[in-house]
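Hydrogens, waters and symmetry mates play no part in the numbers below; they use all other heavy atoms, side chains included. Computed from a predicted structure; not experimentally measured.
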Amino acid sequence: MNPLSELSNPMQWDIGGKRLNSRLLIGSALYPSPQAMQGAIEASGAEIVTVSLRRQSAGDQAGKTFWNMIKTLECHILPNTAGCHSAKEAITTAHMAREVFETNWIKLEVIGDQYNLQPDPFELVKATEVLVNDGFEVFPYTTDDLVLAQRLVDAGCRILMPWGSPIGSGKGLMNPYNLKTIRKRFPELTLIVDAGIGKPSHAVQALEMGYDGVLLNSAVALSPNPIAMAKAFQSAVKAGVYGYQAGTMPERDLATPSTPVIGTPFWHQK
């Protein structure tokens, strides 16, 4: 059984050596303005923010403004290797990120297909092995493939981030069976659904499965009202966590009345 069901305060969890009070991880890209980004992240209650080194480390004034704004949020930074297409490129980016952001956390992305942004499984495992040996806490962005998940665990991962569906698609959890299988196979691992979350209901579904958290960006940043949507996701995450802890009722093929009919009057027509 996932330890989530045993917690007196199910919103608290441990990840990468830190104890947090929010199970929502949020991205920092695509917002209509820096102010919208700051407001949405604050409204979400998220304590982990993903940041792309390639996009944010430039020495121009806009980059400095962005970084200063991120620091005021007092969140844990999760740098990512977005845009990398080989293990070598991702490893180099990860080392640069560790120096810039002063953290051993890295969201490892190694893209293998530009059409659906699916990870390259071979390069992903190769990069993971190197980075784990170099002292990184690797948060690998992966598909919902069970064999790939096992290879990443064998490489030293304590966290897995399988996709719900392709990045930015908003299609939600396309293969619930695969995600449930990964959760069942790795009950003690920290699992986060990353990518494809488009609606608050998708986040509820992931957490009701027993996943430890969800990571999203586009669903909030591209909303007509990012701050309101961030609040919606904050509530959705709580609903999913409490729903999992309480235990949902089993599905039935037949209807069952919630009010007993034996011994109560009812009308009938002759």
Side-chain angles (χ1 to χ4, degrees), residues 15-16 24-30 46 48-58 70 76-101 103-145 147-149 151-153 155-171 174 179 182 189-198 206 211-222:
I15 179 171
L24 176 61
L25 292 72
I26 195 166
S28 57
L30 305 176
I48 296 178
V49 177
T50 61
V51 175
S52 171
L53 175 67
R54 289 168 172 264
R55 186 177 65 254
Q56 311 302 354
S57 64
I70 287 290
H76 298 289
I77 302 301
L78 176 59
N80 67 41
T81 61
C84 292
H85 292 80
S86 69
K88 181 179 180 180
E89 189 179 12
I91 292 165
T92 300
T93 303
H95 280 278
M96 292 172 60
R98 183 161 62 179
E99 293 182 14
V100 171
F101 299 112
T103 177
N104 70 328
W105 285 9
I106 192 71
K107 180 187 174 187
L108 182 60
E109 297 182 24
V110 187
I111 302 301
D113 182 88
Q114 202 58 40
Y115 176 74
N116 68 355
L117 302 180
Q118 179 172 326
D120 183 321
F122 309 103
E123 295 295 295
L124 180 63
V125 172
K126 187 188 301 184
T128 297
E129 290 173 341
V130 172
L131 292 174
V132 168
N133 287 334
D134 286 345
F136 284 88
E137 185 73 70
V138 177
F139 294 60
Y141 161 61
T142 178
T143 60
D144 53 16
D145 183 274
V147 175
L148 177 54
R151 295 292 183 270
L152 291 168
V153 172
C157 285
R158 299 183 296 176
I159 299 164
L160 295 179
M161 300 203 302
W163 70 359
S165 51
I167 294 174
S169 68
K171 292 182 177 295
M174 293 196 307
L179 291 172
I182 292 173
L189 223 60
T190 297
L191 300 181
I192 299 166
V193 172
D194 176 19
I197 300 269
Y211 272 71
D212 297 281
V214 293
L215 194 162
L216 54 93
N217 188 169
S218 302
V220 170
L222 300 183

Taking all atoms of both residues into account, what is the closest heavy-atom pair of [X] and [Y], and its distance?
X    : Y    : value
I167 : Y141 : CG1-OH, 3.3 Å
I182 : P162 : CD1-CB, 4.4 Å
G196 : S169 : CA-OG, 4.0 Å
P79  : A97  : CB-CB, 3.7 Å
I26  : A46  : CG2-CB, 3.7 Å
D212 : T190 : OD2-CA, 3.4 Å

Nearest-0.5 Å distance that lies between atom [atom1] in [X] and atom [atom2] in [Y]:
X    : Y    : atom1 : atom2 : value
T142 : E109 : OG1   : CD    : 11.5 Å
K107 : I48  : NZ    : CD1   : 11.5 Å
D144 : S165 : CG    : OG    : 9.5 Å
I111 : E123 : CD1   : CD    : 12.0 Å
E129 : I91  : CD    : CD1   : 9.5 Å
L189 : L152 : CG    : CG    : 10.0 Å

Do [X] and [Y] have side chains that get closer than 4.5 Å, going by heavy atoms?
X    : Y    : value
I106 : E137 : no
L191 : I159 : no
T143 : P121 : no
V110 : P119 : no
V51  : L78  : no

Which residues pass the side-chain hydrogen bond (donor to acceptor under 3.5 Å, both in side chains) test with E99, sequence neighbours left out?
none

Is there a side chain to side chain contact (heavy atoms under 4.5 Å, CB included) between I77 and I70? Walk through the geometry before answering.
CA-CA 9 Å; I77 302 301; I70 287 290; 3.3 Å; yes

Can a side-chain donor-acceptor contact be found between H85 and Q114 if the only test is distance below 3.5 angstrom?
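Looking only at side-chain atoms, H85 and Q114 do form a donor-acceptor pair, the distance falling under 3.5 Å.
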
Is a side-chain N or O of E89 found less than 3.5 angstrom from the main chain of C84, in a donor-acceptor match?
no

Is there a donor-acceptor pair closer than 3.5 Å between any side-chain N or O of Y211 and the backbone N or O of L179?
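Yes; judged by distance alone, with no hydrogens or angles, the pair exists.
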
N-O pairing of R98 and D134 below 4.0 Å
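No, this pair does not count.
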
Identify which one of D194, N80, L216 satisfies the side chain to side chain contact (heavy atoms under 4.5 Å, CB included) criterion when paired with T50.
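Testing each of D194, N80, L216 against T50, the sole residue satisfying side chain to side chain contact (heavy atoms under 4.5 Å, CB included) is N80.
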
For F139 and W105, I'd like to know if the aromatic rings sit close, meaning centre-to-centre distance below 6.0 Å.
yes

